[in-house]
Amino acid sequence: MFLRYLSSTIAQQIDRDLMSPAGGFSIDQLMELAGLSCAEAVFRSYPPNAGYQRVLVACGPGNQGGDGLVAARHLKHFGYTPLVWYPKKKDAPLFHGLEQQLRNLDIEFISETGMTQSMVSSSHVILDAIFGFSFKGEPREPFKSLLQLWIDMKKDPSTSKPIVSVDIPSSWNVDLGPDASAIAKSFMPEVLVSLTAPKSGSRYFTGQHWLGGRFVDLTLNDKYDLRLPPYPGTSQVVDITGAEPLP
């Protein structure tokens with residue numbers, strides 16, 4: 001299977017097209033569909049009745065974090081016990097509402113600042129919704145310490161927890177992938193949920209790969225020659241494991 005892998009520039013342009021008058025979407029609609037896709041990907045990969053009850057949802061300060069907040073709500077309805085780490089809250093009505101929805105469901109918000117080893121150890125799955133395709137540069141605290149915790153965790157398979165990353169693994173360069181000259185600064189998640197279409201950096205990903213974000217119409221698909229596969233039935237994700245970038 002060959003798909004179009006998107007650069008950060010094209011990914012941003014597609015988002016603008018989706019939210020243009022011709023596209024007709026609002027940011028909250030796209031975030032809702034993206035978060036639902038992420039929650040379904042977690043469910044399909046690590047169902048709660050298979051011992052994956054507690055999901056640590058790590059949310060960043062931008063729209064990627066918003067996807068995580070939406071996913072946490074759906075995970076609660078899917079039968080999980082989500083725990084949300086959201087240290088850098090975005091001061092905007094949309095995000096205030098997403099947070100209130102979680103509090104209304106009695107979803108626990110853990111430590112407003114640092115993440116501890118015990119928080120990771122007590123979880124069964126981690127949803128990485130920290131940095132998205134617009135992230136550049138070096139991670140700052142408190143996210144830097146959390147990413148290092150995950151990197152260290154991956155060195156010990158006996159204590160490692162599966163990570164599901166949203167769109168691009170946090171700390172990866174969206175266009176270039178993990179830093180080959182400093183691979184110790186990156187981690188390889190077990191599952192990746194690419195939204196809209198895979199990003200260029202995800203060509204280095206080697207695990208279970210889902211495509212989510214079922215909001216691309218035929219006109220947009222043709223405009224960017226995305227070659228998106230059909231979604232099965234009512235599912236919000238489709239398995240694209242092993243899909244290669246178009247030559």
Side-chain angles (χ1 to χ4, degrees), residues 28 31-90 94-132 142-143 145-147 149-154 156-167 169-170 187 189-193 195 207-208 210 212 234-237:
D28 51 331
M31 197 171 288
E32 183 67 27
L33 290 169
L36 177 57
S37 297
C38 296
E40 183 178 340
V42 172
F43 187 87
R44 297 277 295 274
S45 304
Y46 302 104
N49 61 4
Y52 299 101
Q53 187 69 38
R54 291 168 63 85
V55 182
L56 174 60
V57 183
C59 297
N63 290 343
Q64 188 94 333
D67 296 342
L69 296 175
V70 172
R73 170 164 38 86
H74 289 291
L75 288 169
K76 176 74 172 184
H77 292 309
F78 290 175
Y80 292 90
T81 302
L83 303 98
V84 177
W85 184 67
Y86 185 34
K88 295 286 187 180
K89 298 178 181 179
K90 188 168 184 177
L94 171 58
F95 288 79
H96 297 164
L98 294 177
E99 182 181 351
Q100 186 60 47
Q101 291 163 16
L102 300 187
R103 296 193 184 278
N104 291 345
L105 291 172
D106 294 324
I107 291 175
E108 182 181 356
F109 282 75
I110 57 175
S111 179
E112 299 295 331
T113 53
M115 175 70 67
T116 66
Q117 179 65 58
S118 62
M119 293 175 187
V120 173
S121 300
S122 65
S123 302
H124 302 131
V125 184
I126 298 167
L127 181 61
D128 162 30
I130 299 178
F131 300 131
F143 305 107
S145 295
L146 175 59
L147 294 173
L149 189 63
W150 291 353
I151 291 166
D152 294 341
M153 176 186 71
K154 291 299 181 185
D156 185 358
S158 66
T159 60
S160 183
K161 306 292 181 178
I163 297 177
V164 179
S165 287
V166 178
D167 217 18
S170 292
F187 66 93
E190 283 70 22
V191 177
L192 178 64
V193 190
L195 299 174
Q208 172 72 54
W210 298 101
T234 59
S235 181
Q236 297 300 306
V237 294

Minimum heavy-atom distance between Leu56 and Trp85, given as atom pair plus value: CD1-CB, 4.4 Å
Rounded distance [0.5 Å steps], CD1 in Ile126 versus CG in Leu149: 8.0 Å
Tyr86 side chain to Lys90 backbone, donor-acceptor under 3.5 Å: yes
Flag, side chain of Ser37 to backbone of Gln236, donor-acceptor distance under 3.5 Å: yes
Donor-acceptor under 3.5 Å (Arg54 side chain, Ser122 main chain): yes
Value rounded to 0.5 Å, distance of CG in Leu69 from CZ in Phe95: 7.5 Å
Lys161 to Tyr52 six-membered ring, cation-pi geometry met (6.0 Å, 45°): no
Trace of the side chain to side chain contact (heavy atoms under 4.5 Å, CB included) decision for Tyr46 with Val55: CA-CA 10 Å; Tyr46 302 104; Val55 182; over 6 Å; no
Side-chain heavy atoms of Ile130 within contact of Cys59, under 4.5 Å: no
Point-to-point distance, once rounded to the nearest 0.5 Å, from NZ of Lys76 to CG of Asn104: 12.0 Å
Distance-only side-chain donor-acceptor flag, Trp210 / Ser45, under 3.5 Å: yes
Rounded distance (nearest 0.5 Å) linking atom CH2 of Trp150 with atom OG of Ser165: 6.5 Å
Side chain proximity check, Val164 to Val125, heavy atoms < 4.5 angstrom: yes
Any donor-acceptor pair under 3.5 Å from Gln53 side chain to Gly79 backbone: yes
Glu32 and His74 side chains, donor-acceptor separation under 3.5 Å: yes
Polar side-chain atom of Ser160 near backbone of Asp156 as donor-acceptor pair, under 3.5 Å: no
Non-hydrogen side-chain atoms of Arg44 and Ser235 separated by less than 4.5 Å: yes
Flag, side chain of Asp67 to backbone of Gly35, donor-acceptor distance under 3.5 Å: no
Arg73 and Leu105, any side-chain heavy atoms less than 4.5 Å apart: yes
Atom pair CG/CZ of Asn49 and Phe43 - distance to nearest 0.5 Å: 6.5 Å
Gln64 side-chain N/O to Phe131 backbone N/O, donor-acceptor pair under 3.5 Å: yes
Neighbour count >12 (heavy atoms, 6.0 Å) for atom CZ, Phe78: yes
Taking every non-hydrogen atom, the tightest pair across Pro61 and Phe143: CD-CZ, 3.7 Å
Residue pair Met153 / Ile163, side-chain heavy-atom distance below 4.5 Å: yes
Which atom of Pro82 lies closest to which atom of Ile107, heavy atoms considered: O-CG2, 3.6 Å
Asp167 and Val193: CA distance, side-chain angles, deciding distance, side chain to side chain contact (heavy atoms under 4.5 Å, CB included) verdict: CA-CA 5 Å; Asp167 217 18; Val193 190; over 6 Å; no
Side chains of Leu98 and Met31 in contact at under 4.5 Å (non-hydrogen atoms): yes
Side chain to side chain contact (heavy atoms under 4.5 Å, CB included) between Val42 and Leu75, intermediate numbers included: CA-CA 8 Å; Val42 172; Leu75 288 169; 3.9 Å; yes
Nearest heavy atoms of Val57 and Gly68, plus distance in Å: CG1-O, 3.5 Å
Distance in Å, Leu192 CG paired with Leu195 CG, rounded so as to fall on 0.5 Å steps: 8.5 Å
Residue pair Ala39 / Ala71: nearest heavy atoms and the distance that separates them: CB-O, 3.8 Å
Any Phe109 side-chain heavy atom under 4.5 Å of Leu83 side chain: no
Student check: side-chain heavy atoms of Glu190 and Lys154 closer than 4.5 Å: yes
